[in-house]
Amino acid sequence: MADLVFEAPAVKKKSPIHLADLTVAERKAKAEELGVPAFRTNQLAVHYFTHHNDNVESFTDIPKELQAKLADAFLPKLITLVRSISCDGGKTRKDLWRLHDGVLVESVLMRYTDRTTVCISSQAGCGMNCPFCATGQAGLTRNLTAGEITAQVVMAAKACDLGELPGGPTRLSNVVFMGMGEPMANYAAVMQSIRNITNPQPNGLGISARSITLSTVGLVNGIEKLIDEDIPVTLAISLHTPDDELRDTLVPINSRWKVKEVLSAADKYERKTGRRYSIEYALIRDINDQAWRADLLGRLLKNRNAHVNLIPLNPTPGSKWTASRAEDERAFVEILEGYGVAVTVRDTRGREIDGACGQLAAIEQKAGK
Ligand code: SAH
């Protein structure tokens, strides 16, 4: 437990407040404080959330003399692109962003035939210390603000509008919290960003809660709070093994909340929302991929409304662990299916660019940039 970090280190310099950090009522109150009519915040929201534009100078419906004041108060630049790398013929793109204090985070945009998904970060680094995860190795730098989380989605939506991925312009349809960080450890900011993503236009991006996946190591207190919200996102639990003994090592927070407690919290969420949840399971050769573990997992899940996502391990630099053999992966799938458990092997989109595992930010930090 000593290694787990719940409290983010104090921020050195607070991130500027952005429209996306405020509720609709707070936006209006702030405008009035500034002596600006409240309806101006609606205009800003349309530009930002509907047109994915934060360049106030281009807003022809805002008088010139108000532009700088509104830009400062509501649309400060929160994230700046450092670099992008693409693979899969350009259909997967990883973006590295610099925040106002120099901190780096990454997001990954993936275009499929039927949807376009952005995988976003909720923290810079992570305090959960899972030994197979690149982000976990670097520790937690700080929480992101709601504005910084939302900005990754808005920038992805803009890239879709502009047709930056092959196949022409498209609509951003899905958001997954599977980039850097543990979303449940930055609960309030993550919830505010989810409101921004789901609120209908003009006050949000109008993406349905069902198209958002919140992935967690299993912070039961966070799952319970989520049960009380009326936002039926898809919940994903990073289980990685069905037995507490190994999970204490693979997902150290397991020393606080055991497998059974995490699953029963997920069940409660499922009963409240009617949403099937996902079990994330990174298959690690000879560590968690044995037939007996598949059997134990099958028995645990056979009467639950859960879907297993098997992820071939993406080895982190210097790690002794690697992905499972093809035959072990196949056997694992078959055993689960034998229990009637829904299972898919996740495609390894972005593997060449170390998608979604904190590796680009780690490399950049080492290079001292
Ligand atoms: N902290 C959250 C969300 C971020 S990680 C969580 O743990 O759920 C998103 C998913 O990627 C998690 O299921 C995580 O366990 C998995 N992951 C992390 N490192 C990985 C690696 N090296 N190979 C495969 N999956 C990995």
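These values consider heavy atoms only, across backbone and side chains, with no hydrogens, waters or symmetry-generated copies. Atoms within each ligand, like the ligands themselves, are counted from 1 in listed order.
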When you check the gap from the basic side-chain N to the acidic O, do R293 and D243 get nearer than 4.0 Å?
-> yes
Does the distance from a Lys or Arg side-chain N to an Asp or Glu carboxylate O, for K268 and E224, drop under 4.0 Å?
-> yes
Under a 4.0 Å N-O cut-off, is there an ion pair linking D95 with R83?
-> no
K30 NZ/CZ over F74 ring centroid, <6.0 Å and within 45° of normal | yes
Judged by modelled atom types alone, do R247 and T241 share a side-chain donor-acceptor pair under 3.5 Å?
-> no
At a 4.0 Å threshold, what atoms of ligand 1 neighbour a non-hydrogen atom of F177?
-> 3 (C)
Which side-chain N or O atoms in residues 163-179 pair as donor and acceptor under 3.5 Å with protein atoms at least two apart or in another chain?
{"residue": "E164", "atom": "OE1", "partner": "R93", "partner atom": "NH1", "Å": "2.7"}
{"residue": "E164", "atom": "OE1", "partner": "R93", "partner atom": "NH2", "Å": "3.4"}
{"residue": "S173", "atom": "OG", "partner": "T116", "partner atom": "N", "Å": "2.9"}
{"residue": "S173", "atom": "OG", "partner": "T116", "partner atom": "O", "Å": "3.1"}

Let me see the working for D244 and K260 under salt bridge (charged side-chain N to carboxylate O under 4.0 Å, His left out), right down to the final yes or no.
-> CA-CA 9 Å; D244 285 317; K260 287 226 161 80; over 6 Å; no
For C133, the ligand 1 atoms with a heavy-atom partner under 4.0 Å come out as 18 (C), 19 (N)
Would you check whether P315 reaches within less than 4.0 Å of ligand 1, judged by its heavy atoms?
-> no
Contact between M180 and ligand 1, counting heavy atoms under 4.0 Å?
-> no
Heavy atom of E182, distance to ligand 1 below 4.0 Å | yes
Of the backbone atoms (N, CA, C, O) and the side-chain heavy atoms from C-beta on, which set of M178 has a member under 4.0 Å from an atom of ligand 1: side chain, backbone, both, or neither?
-> both
Ligand 1 atoms nearer than 4.0 angstrom to some heavy atom of G179 are 4 (C)
Give yes if a backbone or side-chain nitrogen or oxygen of S238 is under 3.5 Å from a nitrogen or oxygen of ligand 1, and no if not.
-> yes
Only one of K14, K77, R142 forms a salt bridge (Lys or Arg N to Asp or Glu O under 4.0 Å) with E148, so which one is it?
-> R142
Ligand 1 atoms nearer than 4.0 angstrom to some heavy atom of E280 are 13 (O)
Check ligand 1 against G181 and write out every atom of the ligand that is under 4.0 Å from a heavy-atom position of the residue.
-> 1 (N), 2 (C), 3 (C), 4 (C)
Classify the contact between T216 and ligand 1 as side chain, backbone, both or neither, using a heavy-atom distance cut-off of under 4.0 Å.
-> backbone
Pick from N314, L219, I311: the one approaching atom 21 (C) of ligand 1 most closely through a non-hydrogen atom | N314
